[in-house]
There are 2 protein chains.
Amino acid sequence: MLSKRVKYAIKTLLFLYENGDEKPISAKIISENEKIPYKFLENILRELRQNKILKSVRGAEGGYKFLKDPNEITVAEIIRIVDGPIALIPCVSFYFYEKCEDCTDEVSCKIRKLFVQLRNEMLPILNKSITDLEKL
Amino acid sequence: MLSKRVKYAIKTLLFLYENGDEKPISAKIISENEKIPYKFLENILRELRQNKILKSVRGAEGGYKFLKDPNEITVAEIIRIVDGPIALIPCVSFYFYEKCEDCTDEVSCKIRKLFVQLRNEMLPILNKSITDLEKL
DNA sequence: TACTATTCCTACCAAATTAATATGATATAA
DNA sequence: TTATATCATATTAATTTGGTAGGAATAGTA
């Protein structure tokens, strides 16, 4: 299952997209509209900024806007930043690969084969962008 | 990500399938062959028995064999028994549905739509049986 | 009968993760 | 100078995960 962080992150990005980004939108506004605990949201926003998804404007009238083009921000990318791997087992992950301790032959592993297939089916769906989401 | 429990459970079922089921196979044998901590495996085996996947034979020479036909045991089913929902968010789960607390309109929710699609892509893969796995 | 190999059951425990909160420093528009 | 923000680090509480402990019950075999 996805963490609440990821869900909050996606909701935040959709909110920013829907509410234009001429002027930055503050964490307070996002928190109130999307019912995300304020301080928790701050952490998520920081993570998104550090990963160059958003940029921030400090001080009064400050807030957040897109740094990266929302057409280019995919759900998969957000999940990877906030939660980690998309794949259901580490030995089939591209970005977070880990060998199974007990595994003797990765190539012949039946379980692995299944989860490679699964990941390959999942990725095209999750590679949709924030703007694609809006059109669903 | 999947828990170790699920991975152990699938490995256990594959092991039982590969090693015939004329005579029951003990937890000890499975534990040693598949490198699963013995006591932890006992818990998993109990869960599989209680869910009518396996049956057990008590006493000396006892062990476990299939109750359900391995052709009919799907990976999805095992995940549901051991870990819970397949879907990545509860509001799109068939077997473990939960409403999002904050959600005002489930039908129009963009995030939900994406994860419905995702679940629909995942299910056919995970509905493969233990015997299908063997053929991969 | 006694012995041994096994399942079965309840409870417990430790580490990790998740979801959040607390506190306060820093920046900036008005 | 004040109000409104972000920024940063640390702390906490709840839940989940992965595993262990101890022993009761069952059944085959000598």
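Residue numbering restarts at 1 for every chain, and letters A, B, ... go by the order of the sequence lines. Atoms considered below: every heavy atom in the structure, side chains included; atoms not considered: hydrogens, waters and symmetry mates.
Non-hydrogen atoms lying under 4.0 Å from DNA chain C are contributed by A/Ser3, A/Lys4, A/Arg5, A/Tyr8, all within residues 2-9 of chain A.
With rounding to whole Å, A/Ile44 atom CD1 is found 9 Å from C/dA19 atom C1'. Atom CD in A/Glu47 sits roughly 14 Å away from atom C1' in C/dA20 (whole-Å rounding).
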Pair up each side-chain donor or acceptor in residues 28-37 of chain A with any protein partner under 3.5 Å, not counting sequence neighbours, and list the distances.
from: A/Ser31; atom 1: OG; to: A/Ile36; atom 2: O; distance (Å): 2.7
from: A/Asn33; atom 1: ND2; to: A/Ile29; atom 2: O; distance (Å): 2.8

Quick one: what's the B/S/- string for nucleotides 3-17 of chain C, heavy-atom cutoff under 4.0 Å, read 5' to 3'? --BBBBBB-------
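The nucleotide range of DNA chain D contacted by chain B, defined by atoms under 4.0 angstrom from heavy atoms of the protein and reported 5' to 3', is D/dG18 to D/dG28.
Residue A/Ser56 comes nearest to A/Arg49 through the heavy atom pair OG-CD, 3.2 Å, listed as atom of the first residue, atom of the second, then distance. Contact record, A/Leu41 with A/Ala27: CD2-O, 3.3 Å, taken as the closest heavy-atom pair.
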Pair A/Asn71-A/Ser129, side-chain hydrogen bond (donor to acceptor under 3.5 Å, both in side chains): steps then yes or no: CA-CA 6 Å; A/Asn71 284 295; A/Ser129 71; 4.9 Å; no
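Other residues, nucleotides and ligands place no more than 12 heavy atoms under 6.0 Å from the NZ atom of B/Lys52. Crowding of A/Glu98 atom CD: a count of heavy atoms from other residues, nucleotides or ligands under 6.0 Å not exceeding 12. Heavy-atom contacts from other residues, nucleotides or ligands closer than 6.0 Å to OH of B/Tyr95 number 12 or fewer.
In this structure B/Glu42 satisfies the side chain to side chain contact (heavy atoms under 4.5 Å, CB included) test together with B/Tyr38, B/Lys39, sequence neighbours excluded. Scanning for side chain to side chain contact (heavy atoms under 4.5 Å, CB included) contacts around B/Glu47 gives B/Arg5, B/Asn51, B/Ile81, B/Val82, with sequence neighbours left out.
A/Asn127 places no side-chain N or O within donor-acceptor distance of the main-chain N or O of A/Ala76, the cut-off being under 3.5 Å.
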